[in-house]
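Notes follow once the structure below has been shown.
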Amino acid sequence: MHDREQRWAADMRAAQAGSSVAYVRLLTDVSTSFRQFAATDLRRFDLQSVDIEDVLQEILLAIHLKRHTWRPDHPFAPWLRAITRHKLVDFVRRRSRRGELPIDDFPDISPVQPVEPGLAVPLGQLLGDLPRRQREVIEELALSGTSVTDTASKLKMSRGAVYVAFHRALATLTARFERDRA
Amino acid sequence: MNTELLIESLASDLQAGPKRSRVAWPHLVLAVLMAAGVSLAAILLLLSRSPHIAHGLGPTIAFSALAGLTLAAAAFSATLALSYPEGRPRLWWLAAPAVILLSGLGFELADSLESSWSERLWGQSPLGCLLCVLVLSLPILAAVLAALRAGAPTHPRLAGAMAGLLAGGITTALYTLHCPEDSLLFVALWHGLAVGAVSLLGALAGGRLLRW
């Protein structure tokens, strides 16, 4: 445990100084450790196994976006634990608000929902409200089906920035869509 | 989306954005000072001077300024702690301004006739003072909330409430420059209500603005 704290803190320090090797090692290590933790504590958080990677990715993204808030003279584990908890609670709360039920519980007989007519128009409007960068990323990735690498080079962004913009845009759209339906 | 790919992408994004730990407290101090300057300018330019200042530093002005500044200091410490994900605020420090205010109130009550208490409590324009303190706190509250967004508060509502106490504390201290009332009873009730309202507003705004 003490060992891991030392290792993670050293990697995070190196990452803050710009070492992507240390950063990949740290994030991979954190992912492994989170999967182990999630596998044993699933029930406590009311998570299903399919959710683990989703939550993990949100946690990794949060670590990335808030990486400057870790102070090198402070222990790393409490910082990581606070972010993990924050994202986990957020995820569970969001899902329970949506009232989503595990798909396995339903026999596969529901007819395919016809696409709502008129949805194409609001979609354009919704996208139009997004910040320019996010809109471009969504248009490339989701509408034209361009790969992340190609989108990144086309928009002259790093691949990470494409992911970040994509996540944010999806979060905004989801929130808006839910609000409109409510 | 594949997690390994995500990690790889995040690593390639490492050069963008703030690389090193942002020194947070000077950032927050600067935000507070600049916004407090706005409130101070509004008090000096738009409102009259308190008639009591000319008579030197009376107990009402001294106690309310001291309580306000102590409140601001305690709330500043809590706000700063809460801007980090793992931060633990020292909320019991908030007892200090309460003790200062209560001892001031004790002196005033012991020193004045009971028949004057009601008049002291209601003053001339209680709602005006309440509104003034509330409105003058808003620039500071906004600046602190904006600064907090650069951090990573995991208790957004509490962080917002502390930002409100910080804003309210500074404003009540500054407002002694104008406040025409000369009673700590008045200050404790009406300024106290205003500070509470700012804190509530901060908590509500924090819940919305400080999510990430």
Side-chain angles (χ1 to χ4, degrees), chain A residues 12-13 15-28 30-31 34-35 52-54 56-58 60-87 89-90 148-149 152 157-164 166-167 171, chain B residues 1-29 31 77-90 144-160 162-163 206-212:
Chain A
M12 189 60 172
R13 224 167 277 132
Q16 282 184 338
S19 161
S20 49
V21 177
Y23 198 42
V24 168
R25 187 169 53 220
L26 172 70
L27 294 183
T28 311
V30 166
S31 303
F34 177 76
R35 289 190 190 103
I52 295 181
E53 288 303 303
D54 282 354
L56 173 58
Q57 291 186 3
E58 288 194 15
L60 292 174
L61 198 63
I63 293 175
H64 183 70
L65 294 174
K66 297 298 182 185
R67 63 193 187 278
H68 59 277
T69 65
W70 178 63
R71 294 158 289 180
D73 54 342
H74 280 64
F76 182 75
W79 181 85
L80 177 67
R81 209 179 305 128
I83 287 188
T84 306
R85 216 187 108 76
H86 185 60
K87 286 281 126 183
V89 168
D90 193 44
V148 175
T149 315
M157 298 162 77
S158 71
R159 282 157 41 98
V162 169
Y163 270 110
V164 172
F166 187 64
H167 262 270
Chain B
M1 210 183 300
N2 178 314
T3 303
E4 274 66 49
L5 209 60
L6 175 67
I7 292 178
E8 202 185 293
S9 310
L10 295 179
S12 70
D13 190 48
L14 195 56
Q15 303 302 329
K19 270 175 231 158
R20 306 190 61 217
S21 170
R22 199 174 294 164
V23 201
W25 71 262
H27 188 71
L28 198 56
V29 168
S77 147
T79 307
L80 184 62
L82 286 165
S83 75
Y84 295 101
E86 80 278 30
R88 300 247 169 113
R90 297 189 184 92
V144 175
L145 287 176
L148 276 177
R149 278 175 67 90
T154 45
H155 302 281
R157 278 185 298 265
L158 184 59
M162 291 302 124
R208 295 190 146 264
L209 297 175
L210 300 179
R211 297 162 65 112
W212 51 275

Task: Point-to-point distance, once rounded to the nearest 0.5 Å, from CH2 of B/W212 to CG of A/L61 - done: 10.5 Å
Open item on the list: Please report the interatomic distance CG(B/L6) to CD(A/E53), rounded to the nearest 0.5 Å.
Closed with: 10.0 Å
TODO: Considering non-hydrogen atoms only, spot the tightest contact between A/Y23 and B/A11 and give its length.
DONE: CD2-CA, 3.6 Å
Open item on the list: Return the CD to CG distance between B/E4 and A/L27, rounded to the nearest 0.5 Å.
Closed with: 11.0 Å
TODO: Give a yes or no on whether A/R85 atom CZ has more than 12 heavy-atom contacts from other residues, nucleotides or ligands under 6.0 Å away.
DONE: no
Task: Sole candidate of A/L26, A/V30, A/L60 that passes side chain to side chain contact (heavy atoms under 4.5 Å, CB included) when paired with B/I7 - done: A/L60
Open item on the list: Can you tell me how far apart OG1 (B/T154) and NZ (A/K66) are? Round to the nearest 0.5 Å.
Closed with: 11.0 Å
- [ ] State the CG-NE2 distance between B/L14 and A/H64, to the nearest 0.5 angstrom.
- [x] 7.0 Å
TODO: Could you look at A/S31 and say if it's the side chain, the backbone, both or neither that has a heavy atom under 4.5 Å from chain B?
DONE: side chain
Open item on the list: Do A/R35 and B/T3 have side chains that approach each other closer than 4.5 Å (heavy atoms only, starting at C-beta)?
Closed with: yes
Task: salt bridge (charged side-chain N to carboxylate O under 4.0 Å, His left out) against A/D54, all qualifying residues, sequence neighbours excluded - done: none
Open item on the list: I'd like to know whether CZ of B/R88 has more than 12 heavy-atom contacts from other residues, nucleotides or ligands below 6.0 angstrom.
Closed with: no
Task: Segment of A/R25 engaging chain B (4.5 angstrom heavy-atom cut-off) - done: neither
Open item on the list: Can you tell me how far apart CZ (A/R71) and OH (B/Y84) are? Round to the nearest 0.5 Å.
Closed with: 4.5 Å
